[in-house]
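Since this is a predicted model, take the numbers as computed values, not measurements. To find a chain, count down the sequence lines: A is the first, B the second, and so on, and within it residues start at 1.
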Amino acid sequence: MRQRRPDLVIRFHSGKNVGVAEERGTLSLTDDLVAEIILKLPVKSVARSQCVAKTWHAAISDDYLRRRLPPQLSVVYFPDDPSTAAHGNNQGPRFASGGGEGGLLEDCDLSFLPFKQDDAGAAAAVVCDACNGLLLLRAAARFVVADPVTRRWAALPPPPSDDAMLSVLAFDPSTSGARHGYHVVNFTGWRDRGARLEVFSSAAGAWARRDADFGDVGADDLLCGSVHVHGGAVYILAAGTDRAVRMDLAAGDDDELVACTVVRLPEPVDGDGRVAHSGGRLHYVASDGELLKVWVQLDDEGQSSWRLKHAVKIDDVVEGACGGGEVRFLALHPEKDAVYLWSPWKLVEYDLVRNEVTGAWQFGGKDHNNVQKNRVVKTCLVPSSFYLSDCLADRRVQS
Amino acid sequence: MAAPESGDGNNGAARMVTLISSDNTRFEVEAAAASLSQTLQLTILDGGGGGGDGIPLPNVDSATLSKVLEYCIKHAPAAANGGAPNATAVDRAELERFDNEFVNIDQSVLYSLIMAAHNLEIEGLQSLVAKKVADMIKGKSPMEIRRTLGFPDPTPEEQAEMNAHMLEYGWAYE
């Protein structure tokens with residue numbers, strides 16, 4: 001028989017702000033509670049909450065909270081739908097974000113950019129690349145890096161030459177540190193197993209001619225659509241081989257030769273293979289039309305090896321996918337085991353551990369009658385904190 | 001093996017505990033339900049709250065506590081199953097329906113619930129009420145958020161900060 005414990009009282013910790021003034025229906029909250037609420041807000045509301053009260057501002061400035069904010073979905077798409085095409089300007093790629101409610105992909109208006117409009121009202125600029133929430137645009141010989149959500153942008157000085165065959169934007173807000181530096185890489189000439197480059201570094205504010213030597217990988221094999229950026233390095237897969245080239249731009253900014261390494265992949269690359277990072281580890285994702293395979297690179301005492309982590313039937317991910325529709329891998333979640341896939345006409349988040357669809361986004365909303373048939377070609381999950389910080393501070397356009 | 005005493009059994013009738021609100025109302029509830037509270041869990045594991053004893057909760061009034069326990073009783077079976085893995089889609093849909101209706105309540109009750117869920121450390125309930133408050137303030141301007149939460153009118157200094165913020169973060173106000 002247990003003894004009676006008449007003194008047993010559950011005492012709550014009482015922070016100085018805890019308490020409800022019920023008469024006025026006023027809510028005063030501890031920092032913990034403010035944080036819990038903020039974590040459930042869309043990113044625009046998080047930004048607005050900064051000036052609700054001093055305690056709220058402090059909560060949002062907190063690094064720990066910022067790291068817990070959910071990443072924002074951002075996509076590059078082709079406006080194939082007649083209604084979108086008519087609304088937008090030309091048939092070039094456009095940019096949208098998935099921060100809105102109800103699984104809605106919202107087009108970002110790029111008219112704030114400093115480009116001349118032609119007679120049809122179309123911006124005379126093309127989207128060259130998108131990387132972790134930033135866009136690289138080109139109008140004539142001029143490059144602009146822009147954040148389509150916060151409307152900050154920076155115009156780059158003219159590159160040394162005007163004949164880039166491929167332009168890549170390398171920006172990684174999760175690892176670039178407070179400075180949020182980015183690189184723009186123009187491939188200006190190919191050799192058998194290498195390339196001539198012009199690299200713009202935002203830290204230096206200038207272009208530099210550089211050179212890349214791909215080792216035993218032929219430049220002809222490189223798949224331009226497979227470019228992946230992580231932590232200052234650019235990865236490009238080589239078709240038909242089990243290799244990828246890793247070009248480390250951040251290391252040795254001043255060296256003429258870009259440090260390149262050849263990464264061995266678990267299986268030969270076909271058109272669908274992609275590399276991505278999750279939990280800080282390199283992953284390889286490929287699909288043969290029936291199975292989606294996700295490999296993770298392990299590092300055992302300096303020897304790297306690959307382990308097949310997930311293999312899921314594509315039919316399970318997207319119902320009726322084999323009914324003729326394409327299913328394409330777009331991105332890995334930066335932390336959890338989830339993939340983002342494209343299947344007409346929606347973007348699907350699939351949890352690889354629970355084996356279920358955990359999110360879906362469309363243009364025009366969830367209502368099937370309103371769905372716009374736009375094709376998403378690239379997806380990034382951008383840390384929310386990126387939008388709250390001071391990236392591209394050189395120039396700001398106010399609406 | 002000796003028969004378990006005073007409803008402390010592992011089989012047969014579920015073990016009950018008594019919780020006492022700040023206004024001295026006694027609530028008898030299954031230990032499994034009350035144990036959704038991290039704050040209470042150790043005490044209950046330790047055998048507290050049973051028999052003639054009760055666990056006094058001097059910060060929670062009876063109206064709030066009955067609401068909290070309504071949540072705990074509904075969610076206890078799923079929590080005992082280790083959460084989602086074994087739950088059927090129907091079970092999950094039913095819990096979701098319950099949750100949606102549960103927070104469809106008067107603002108002052110909601111605020112009392114927030115404090116109680118926080119103090120009692122009931123994770124699911126904390127998340128549920130935080131989501132409800134987030135739904136109430138999302139899309140609103142900082143001024144509207146202040147009004148929604150019943151904050152006093154801003155000082156001129158705070159007002160100036162809001163205006164400056166709106167200029168700096170124009171994108172967030174569309």
Side-chain angles (χ1 to χ4, degrees), chain A residues 1-6 8-15 18-30 32-54 56-57 101 108-109 112 147-152 354 356 387-388 396-399, chain B residues 5-6 8 37 39-40 43 46-53 55-60 84-85 106-108 110-112 114-115 118-120 126-127 129-131 133-135 137-143 145-146 149-152 154 158 161-162 164-174:
Chain A
M1 188 84 181
R2 290 180 186 276
Q3 282 190 315
R4 282 178 65 93
R5 286 189 292 184
L8 177 72
V9 173
I10 301 297
R11 296 228 173 263
F12 300 135
H13 68 90
S14 52
V18 176
V20 180
E22 289 184 15
E23 277 168 50
R24 299 177 49 211
T26 297
L27 183 61
S28 65
L29 300 163
T30 59
D32 285 356
L33 287 171
V34 172
E36 287 310 313
I37 293 165
I38 287 167
L39 284 170
K40 295 186 161 54
L41 288 171
V43 70
K44 281 185 180 178
S45 285
V46 174
R48 289 182 205 182
S49 298
Q50 287 176 309
C51 63
V52 162
K54 282 205 169 61
W56 287 49
H57 188 273
E101 276 298 297
C108 291
D109 180 6
F112 66 92
D147 178 342
V149 173
T150 64
R151 299 184 178 168
R152 289 162 193 247
R354 287 156 60 190
E356 61 183 26
Y387 294 115
L388 305 173
R396 191 174 70 235
V397 178
Q398 286 164 5
S399 52
Chain B
E5 284 179 273
S6 64
D8 216 340
S37 158
T39 316
L40 296 178
T43 311
D46 214 21
D53 291 345
I55 304 174
L57 303 171
N59 296 27
V60 188
D106 197 66
Q107 212 156 302
S108 63
L110 182 69
Y111 293 170
S112 310
I114 293 173
M115 309 312 299
H118 186 63
N119 288 331
L120 289 165
Q126 281 177 275
S127 175
V129 287
K131 177 84 180 95
V133 177
D135 286 344
I137 64 176
K138 77 181 171 202
K140 291 191 166 150
S141 72
M143 191 65 177
I145 294 174
R146 287 183 69 106
L149 300 182
F151 291 2
E158 284 172 324
E161 268 173 36
M162 283 186 199
H165 189 272
M166 211 159 163
L167 279 179
E168 191 182 349
Y169 288 85
W171 61 272
Y173 288 85
E174 288 168 5

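- Counting only distance, with no hydrogens or angles, the side chain of R48(A) and the backbone of K140(B) share a donor-acceptor pair below 3.5 Å.
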Note to self: If you apply the rule side-chain contact (heavy atoms from CB on, under 4.5 Å), what do you find for V60(B) with N119(B), and how did you get there?
What the structure shows: CA-CA 9 Å; V60(B) 188; N119(B) 288 331; 5.9 Å; no

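- Both the backbone and the side chain of Y173(B) come within less than 4.5 Å of a heavy atom in chain A.
- Between the side chains of D46(B) and T43(B), not a single donor N or O lies within less than 3.5 Å of an accepting N or O.
- Heavy-atom pairs under 4.5 Å with chain A peak, among E158(B), M143(B), Q126(B), R146(B), at R146(B).
- Contact of S127(B) with chain A is made through backbone and side chain together, with heavy-atom distances under 4.5 Å.
- Paired with V52(A) under the rule side chain to side chain contact (heavy atoms under 4.5 Å, CB included), one option of P142(B), P154(B), S141(B) passes, and it is P142(B).
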